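Please read all numbers here as calculations on a predicted model, not as lab measurements. Each chain gets a letter, A, B and so on, in the order its sequence line appears, and its residues count up from 1.
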Amino acid sequence: MNLIWGSLCQEALSILAENAELNEEDGRGIAFRRAEAVLKALPRAVRKLTELKGLPCLGEHSLRIIKASGKAAEVEATKQSERYKALKLLTGIFGVGAKTADRWITMGIYNLQQLQSSGPTLNQAQQAGLEHYEDLNQPVTRAEADHIGEIVRRVVLCVLPGAQLTLIGGFRRYTSRAALDLINIADHLTAKICTDADGIVDILNRGKPTGHDVDFLITHPEEGREVGLLPKVVSLLKSQGFLLYQKTTKNSYLESEDRPTQPSSNMDRFERCFSIFRLKRNPGTTLVKPDTSPRSSSCTQSQSERHSHQESAEVRGNGSESRPKSWRAVRVDLVVSPISQFAFALLGWTGSKLFERELRRWAGHEKAMSLSSHALYDTKQLPESSFRGGDICSPGPGVHPSIREKRLKRPAERPWDTQLWRVADHLGPAFGSDCRYSLESNRQIHWFVTY
DNA sequence: CGGCGTACG
DNA sequence: CGTA
DNA sequence: GCCG
C-alpha cells in the first residue's frame with residue numbers, strides 16, 4: 001500500500017465514519033475514526049496487508065475496506081446515497097445536527113431550496129447558519145484567524161486590561177516542550193489505544209494552515225478577574241458590528257446605558273460564546289497596531305463599513321448580479337477560563353475531537369480519573385469540603401479543585417472526586433509563556449506522580 | 001454483551 | 001436540541 | 001465496529 005492508497009483508504013474510512021455519525025451511530029462512527037487514525041499514524045507506507053497484522057482498531061470491516069484500496073462498493077454507494085448527501089448538506093448548516101437533519105429528510109427536505117420553500121421553523125442559530133451557509137463552509141485561513149485575533153484582542157484588552165488572548169484549536173502551534181509533555185499523556189494512549197494520529201502526531205504539530213472556525217481562549221493572570229468578562233466582550237464586539245450572530249445571552253444591549261446595573265450576579269457566568277464573525281475581506285493597509293496611548297483607546301473604533309444591507313448572500317436566484325461582498329462570515333468561538341484552569345482549557349480545546357475523546361476515555365478507564373477542560377479529578381475521592389456552589393476555588397498550594405461544585409456529576413453511590421493533580425502543574429511549563437501561573441510558582445514538576 | 005468524552009449554551 |  |  002503506497003501513500004496514495006493509504007490516503008484513499010483513510011478517506012474511505014472517513015466516509016464510513018461520517019456516515020455512521022450522521023446516522024447517529026456514534027459507536028460505529030468512532031470505530032471507523034480510530035481505524036482511520038491508525039492508518040494515518042503509520043510511520044511508513046505499507047506494501048502488504050500482512051504488515052497491518054496486530055494493529056489495533058482494524059477489524060474485519062475496516063480491513064475489507066483497506067483491501068479494496070478504499071474503493072469498496074460500500075463506500076461508493078454511501079457517497080452516492082441520497083440520504084448521505086442530504087444529511088451532509090443539511091448538517092452543514094450551523095445549528096443543524098443529525099437529529100434535525102433526519103427529521104427534515106423525513107419531511108421530504110433534501111436540499112436548501114426545499115428547506116426554504118417548505119419552511120420548517122428555524123431557530124436563530126439555524127437562520128444565521130443558513131444565511132451564511134456559503135461562507136461558513138469555506139475554509140478559514142491562518143491570516144484571517146490572526147486578523148480576527150487582533151480585533152478580538154483590542155476589545156478584550158479594552159474590557160479588561162491585562163487579559164490574555166490565545167489562539168487555540170487547530171491553528172495553534174504547540175511548542176516542542178508542550179509536545180513532549182503531551183506525549184507523556186499520549187504515550188499511554190499510544191500504548192493503550194494507539195489510534196489517534198490526529199491527536200498524537202498532528203496535535204503536537206498542529207498549526208494547521210486552514211480551519212473551519214477560529215477558537216480563542218481568554219484569561220487573566222490574576223485569578224477571578226476574568227469573571228463576567230464574556231458578556232462585555234460580546235456586547236462590545238456586537239456594538240461595533242463584528243457579530244452577525246452570537247449565542248451567549250440575549251440581553252445584548254446592557255453596555256451603553258448607565259443604568260443601576262444588575263450586580264452582574266446572575267448573567268455573567270457565561271464562559272463560551274459561539275459566534276459568527278463579520279470579517280472584512282481585504283484587511284487593507286491599515287493593519288491593526290497595538291494602541292499604546294491610553295487615550296483614544298481603540299475601543300470606540302468600530303468596523304468602518306456599516307452593514308450596508310444589500311447583502312442577503314444566500315441561495316439567491318440568479319439575475320441580481322451583485323458585486324462580491326466586501327466581507328465574509330467566519331465561525332468564531334470565544335472561551336473564557338480562569339488562569340488556574342488555563343492549561344486544562346488548552347488541552348481541552350485542541351480542535352481534535354478524536355484526541356479529546358480518546359484522552360478522556362483513557363483517563364477514566366485506565367486512571368479512574370475524569371478529565372475535562374476545567375480540571376482532572378480522581379473518581380474515587382470525595383469532593384473537597386470547602387466547595388461553595390457557583391464559586392470558583394482559588395488555586396492554592398494545597399491543590400484545590402478549580403471547579404464549581406455544581407459541575408460535579410456525582411453518581412449517587414460512588415464517592416467521587418476531588419481533583420488530584422492539576423494538569424496545569426504538569427503542563428504549565430510546557431506551555432511556556434502561556435501559563436504564567438506555573439512559571440511564577442516555579443514548583444517542582446511531577447508528571448503524574450502516581451504512575 | 002456493554003461501552004463508546006465531557007462539558008457548556 | 002445544539003456547540004466544542 | 002471494535003475492544004475488553
- Using atom NE2 of A:His61 as one end and atom C1' of D:dC2 as the other, report the distance to the nearest whole Å.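 Answer to the nearest Å: 12 Å.
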- Query: Hey, does A:Phe32 reach any base, or is it just sugar-phosphate, or nothing, if we go heavy atoms under 4.0 Å?
  - Reply: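 Answer is sugar-phosphate: A:Phe32 comes under 4.0 Å of backbone atoms only.
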- Message: What contact category does A:Val96 fall into here, base, sugar-phosphate, or nothing, at under 4.0 angstrom with non-hydrogen atoms?
- Response: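 Answer is sugar-phosphate: A:Val96 comes under 4.0 Å of backbone atoms only.
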- Sequence neighbours excluded, the answer for side chain to side chain donor-acceptor pair (under 3.5 Å) partners of A:Arg328 is A:Glu144
- Item | Between P of D:dC3 and CZ of A:Arg33, the distance in whole Å | 18 Å
- Figure out the CZ/P separation between A:Phe94 and B:dG9, and round it to whole Å.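 So the CZ-P distance, A:Phe94 to B:dG9, works out to 13 Å.
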- Which pairs with one or both residues in residues 84-102 of chain A pass side-chain hydrogen bond (donor to acceptor under 3.5 Å, both in side chains), sequence neighbours excluded? A:Glu18-A:Tyr84, A:Glu18-A:Lys88, A:Glu24-A:Lys99, A:Glu82-A:Lys85, A:Arg83-A:Asp102
- Touch check for A:Glu25, heavy atoms < 4.0 angstrom, all strands: base, sugar-phosphate only, or nothing?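 Contact class for A:Glu25: none.
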- Message: What is the distance, to the nearest angstrom, from the CD atom on A:Glu358 to the P atom on D:dC2?
- Response: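 These atoms are roughly 14 Å apart.
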- To the nearest Å, how far apart are A:Leu230 CG and B:dG9 C1'?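 Result: 11 Å.
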- With sugar-phosphate meaning primed atoms plus P, OP1 and OP2, does A:Arg331 contact a base, only sugar-phosphate, or nothing at under 4.0 Å between heavy atoms?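 Sugar-phosphate: the residue A:Arg331, judged by heavy atoms under 4.0 Å, touches backbone atoms but no base.
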Please list each protein N or O that sits under 3.5 Å from an N or O in nucleotides 2-4 of chain B, with the distance.
none

- Could I get the full list of ring-ring contact (aromatic ring centres under 6.0 Å, His included) partners for A:Phe94, not counting sequence neighbours?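 Only A:Tyr245 meet the ring-ring contact (aromatic ring centres under 6.0 Å, His included) criterion with A:Phe94.
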- Task: Send over the distance from A:Glu356 CD to B:dA7 C1', rounded to a whole Å.
- Result: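 A:Glu356 atom CD is separated from B:dA7 atom C1' by 11 Å.
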- Can you tell me how far P of B:dG5 sits from CD of A:Glu21, to the nearest Å? 11 Å
- Query: Which nucleotide sits closest to the side chain of A:Lys353: D:dC2, B:dG5, B:dG9?
  - Reply: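 For A:Lys353, the side-chain atoms sit closest to B:dG5.
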- Taking only Lys NZ, Arg NE, NH1 and NH2, and the carboxylate oxygens of Asp or Glu, determine whether A:Arg357 and A:Asp26 approach each other closer than 4.0 Å. yes
- Task: Walk along DNA chain C from 5' to 3' and tell me the first and last nucleotide with an atom closer than 4.0 Å to a non-hydrogen atom of chain A.
- Result: C:dC1 to C:dA4
- Contacts of A:Arg225 that satisfy salt bridge (Lys or Arg N to Asp or Glu O under 4.0 Å) - sequence neighbours left out: A:Glu222
- Item | Pairs meeting criterion side-chain hydrogen bond (donor to acceptor under 3.5 Å, both in side chains) with involvement of residues 56-70 of chain A, two or more places apart |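 As it turns out, the side-chain hydrogen bond (donor to acceptor under 3.5 Å, both in side chains) pairs with a partner in residues 56-70 of chain A, which skip direct neighbours, are A:His61-A:Glu74.
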- Determine the Euclidean distance between corresponding C1' atoms of B:dG5 and C:dT3; express it in Å to zero decimal places.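 Taking atom C1' in both C:dT3 and B:dG5, they lie 14 Å apart.
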- Sorted by chain and residue number, the salt bridge (Lys or Arg N to Asp or Glu O under 4.0 Å) partners of A:Glu76 (sequence neighbours excluded) come out as A:Lys79
- Could you state the atom-to-atom distance from CZ of A:Arg360 to C1' of B:dG5 in whole Å?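 These atoms are roughly 6 Å apart.
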- Query: Going by heavy atoms in the side chains, are A:Arg360 and A:Ser373 under 4.5 Å from each other?
  - Reply: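 Sidechains of A:Ser373 and A:Arg360: in contact.
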- Note on the structure: Contacts of A:Asp215 meeting salt bridge (Lys or Arg N to Asp or Glu O under 4.0 Å) (sequence neighbours excluded), chain-then-number -> none
